[in-house]
Amino acid sequence: MHENLVIVESPAKAKTIEKFLGKDYLVTSSMGHIRDLEKKDFGIDMENNYEPKYVVSPDKKKIVTELKKLAKEAKTVWIASDEDREGEAIAWHLKETLKLKPEKTKRIVFHEITKDAILRAIENPRPIDDNLVNAQQARRVLDRIVGFEVSPVLWKKVKPSLSAGRVQSVAVRLIVEREREIISFKSKSSFRVTAVFLVPDLDGNTVELKAELKRRFETKEEAEAFLEKCNTAEFNIADIVKKPSKRTPAAPFTTSTLQQEASRKLGFSVSQTMSVAQRLYEAGKITYMRTDSVNLSSLAINTAKSQIISSLGEKYHKVRQYKTNSKGAQEAHEAIRPTYIDKESVSGSNQEKKLYELIWKRTIASQMADAELERTTININISNSQETFQATGEIIVFDGFLRVYMESTDLEDDNVGATVSGTILPPVKLNQQLRADLIEATQRFTQKPPRYTEASLVKKLEEQGIGRPSTYAPIITTVQNRGYVVKEERPGVEREYLQFSLKNNELKKAVKTEITGAEKNKLFPTDVGMVVNDFLIKYFDQIMDLSFTANVEIEFDEVADGKRVWNEVIDEFYQPFHQHVENALEVSERTNGERILGDDPKTGKPVSVKIGRFGPLAQLGETTDEGEKPQFASLRSGQHLETITLEEALDLFKLPRDLGEYEDKKVTVAIGRFGPYVRHDNKFVSLEKGVDDPYTVQLDRAIELIEAKREKDRKALIKTFDEEPDLRILNGRWGPYVSYKKKNYKIAKGTEAEKLTLEDCKKIIEEGPKPKRGKKK
DNA sequence: CAGTGAGCGAGCTTCCGCTTGACTT
């Protein structure tokens with residue numbers, strides 16, 4: 001029996017704190033929120049001032065029972081949830097749910113988990129801040145109202161099971177709008193001129209000096225004419241300018257910046273980063289990983305200092321205090337940093353090691369001196385032209401924090417060429433004559449806006465104050481689970497470009513090709529995502545506004561400051577909002593993103609595309625009074641409502657093709673989810689990739705494929721039983737298994753499959769397989 | 001696991017933020 005019960009939010013935190021407090025204190029955790037709005041019946045009493053109806057969350061029932069018991073036994077209950085809006089609400093819910101008596105309940109807060117900070121907190125308890133709690137209730141109720149009033153509109157007007165929300169709908173909007181920018185983007189080309197000059201270095205060897213023309217030419221005529229001029233020109237150095245510059249380290253990691261850097265440097269997905277970080281946190285190796293604070297504790301700053309000074313020396317160290325400036329930050333925690341900064345690496349999985357190292361470097365670098373650089377710019381005159389070549393180089397005078405860590409950027413590295421930073425230029429003098437070895441004019445194209453990656457979407461959301469550190473990863477999953485967004489790889493297309501080159505007094509023109517627009521792990525909107533987005537913007541423009549969250553946050557802050565009453569804030573929002581809901585239900589047509597593509601030249605029937613029950617489809621013809629029915633065909637992966645052409649849509653109706661008959665049964669060819677296939681006797685055989693074309697393949701080839709498949713299946717068949725024709729023992733990719741009525745059953749390792757009897761097989765079927773997890777219908 | 005695109009229409013779907021397991025292959 002303990003005198004004192006301390007309740008924090010996470011078990012890992014509880015473990016650490018218990019060590020500081022000694023045996024009079026039992027420290028336990030609530031695992032976050034313990035109550036939430038009732039899920040059925042809206043969970044809000046709309047007739048009674050938006051009174052929330054709270055229930056203990058199903059997965060927290062056990063915890064609540066346990067906490068009740070412990071609270072009863074303790075003399076004093078210390079509620080130590082985070083010092084932000086959500087944390088304060090957790091404290092209040094705990095007080096209410098556990099029915100804690102005010103005289104034995106104390107609310108405490110601390111921002112860093114050190115013995116001093118915690119003891120100080122114990123000495124300075126305070127009452128629960130009702131204003132802050134009310135701000136959280138306003139936030140919670142608003143989100144419920146938006147989500148649960150708008151989603152049903154979508155079920156009626158677009159498709160069942162869809163969803164809308166303050167955060168997810170804006171996230172989808174960002175991706176949809178970026179996609180449209182890319183679709184409508186017209187790239188312009190210009191000619192970039194680069195030159196390689198040959199100069200002697202200090203040892204008399206010939207080295208290259210690479211330079212780029214300051215101006216780009218718009219037309220190929222200009223570019224060609226310029227190169228012709230260069231053929232007879234002389235080049236000399238007009239000036240050499242050296243400029244010092246410096247670079248400053250980035251702030252320590254927050255959730256969002258950690259996700260971005262782990263994505264850029266380690267190729268981690270956002271959720272991967274979080275689960276690896278969670279393991280490091282639970283092992284006590286890093287501080288809490290869901291934070292928007294860049295603040296380091298004084299202890300951390302001091303350890304970093306001695307670490308830097310002892311390994312690199314005094315001049316590499318600089319104390320820096322960082323301040324958070326992102327919208328909506330609530331700063332309940334420290335930045336993400338190693339718990340013990342003197343530990344450069346940790347044991348664990350490869351991923352854990354890599355992520356830890358990244359966090360360690362970022363933390364150390366944040367307390368290091370600026371890097372000092374010197375940038376040199378050399379201008380090169382052309383005797384018969386006003387144009388100038390420019391060569392730039394950059395040397396590091398003092399590496400400072402770069403010794404440890406350098407932040408990456410999202411920019412695609414397209415400008416590889418003469419102006420690479422970090423390059424050292426060869427020694428040259430003013431007025432020195434240069435010999436040109438090669439001058440090239442290369443056609444370059446303006447870049448489409450980049451698609452979002454998971455991490456760059458998180459960055460954008462954070463900048464707008466949308467979402468919280470604990471929700472960035474779930475947001476990304478939600479929009480994908482709802483089918484609004486897909487993360488994909490898409491192949492690029494070949495593009496031709498011109499290149500003029502001048503070498504040895506010879507001007508050559510070449511047409512070259514490059515691959516452009518290839519994407520990997522980028523976020524694309526689906527057709528449903530686009531249709532839903534347009535519908536929401538049309539009827540709920542307020543919710544869809546990028547600054548909606550920021551606007552309501554201002555009001556929540558006023559509630560937190562005691563300047564406004566939370567139900568009034570909600571009411572002010574709800575009255576006009578609900579009108580929009582009513583209006584949308586009344587006015588809007590069923591929306592399916594229909595687009596008329598034109599008429600089929602053969603039949604004159606109209607061709608259109610829209611979203612159907614099973615996804616996007618193309619339609620040929622219309623339902624008429626004479627009983628004529630239209631033809632339908634699903635769009636294929638890679639085809640989209642907004643971009644499909646009439647020709648592509650017409651192609652869809654060419655399949656399935658009838659090839660004829662084989663063994664008195666029809667042979668048809670079509671394209672399915674796994675590519676082109678031949679269908680015969682209700683069996684499917686894939687066409688061979690790169691060999692067969694579903695539009696031209698003939699019956700004899702199809703038969704060949706069917707026979708090959710049969711031969712393969714025969715080889716896979718180990719045993720059948722006459723009494724039970726549905727039951728077969730087969731040899732699959734992972735060894736032998738039992739197949740019965742379209743379900744497969746694992747055979748335990750080590751058993752000889754050939755010797756299994758019918759009884760053995762039936763036993764196997766009874767025992768397995770366990771029902772699959774997840775809510776698959 | 002590749003087809004389907006309507007029809008009787010039951011009963012269901014859905015939000016954001018705070019936390020950690022319990023699940024397979």
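In what follows, every chain begins at residue 1, and chains take the letters A, B, ... in the order their sequences are listed.
- The residue A:Arg482 sits close only to the backbone: its heavy atoms come under 4.0 Å of sugar-phosphate atoms, none of a base.
- For the pair A:Tyr472 and B:dG17, the criterion of a side-chain N or O lying under 4.0 Å from OP1 or OP2 is not met.
- For residues 146-159 of chain A, proximity to DNA chain B is found at A:Gly147, A:Phe148, A:Ser151, A:Pro152, A:Trp155, defined as any non-hydrogen atom under 4.0 angstrom from a strand atom.
- Identified under the salt bridge (Lys or Arg N to Asp or Glu O under 4.0 Å) test for residues 36-45 of chain A, with sequence neighbours left out: A:Asp36-A:Arg140.
- A:Phe577 and A:Phe573 have parallel rings, their planes meeting at less than 30° on a 0 to 90° scale where 60° marks the start of perpendicular.
- Here A:Arg290 reaches the OP1 or OP2 of B:dT19: one of its side-chain N or O atoms lies under 4.0 Å away.
- Between the side-chain ring of A:Phe684 and the base of B:dA2, a stacking contact exists by the 5.5 Å and 30° definition.
- Nucleic acid contact for A:Gly165: sugar-phosphate only, since backbone atoms but no base atoms lie under 4.0 Å from a heavy atom of the residue.
- Among the heavy atoms of the strands, none lies under 4.0 Å from A:Ser81.
- In DNA chain B, consecutive stretches of 3 or more Watson-Crick or G-U wobble pairs with both distances under 3.5 Å do not occur.
- Between the side chain of A:Glu88 and the main chain of A:Asp129, a donor-acceptor pair closer than 3.5 Å is present.
- Residue contacts for A:Pro630: at a heavy-atom cut-off of 4.0 Å it reaches no nucleic acid atom on any strand shown.
- Checking the phosphate oxygens (OP1, OP2) of B:dG17, a side-chain nitrogen or oxygen of A:Arg166 falls inside 4.0 Å.
- Within the nucleic acid shown, A:Gly467 comes within 4.0 Å of sugar-phosphate atoms alone, with no base atom in reach, counting heavy atoms only.
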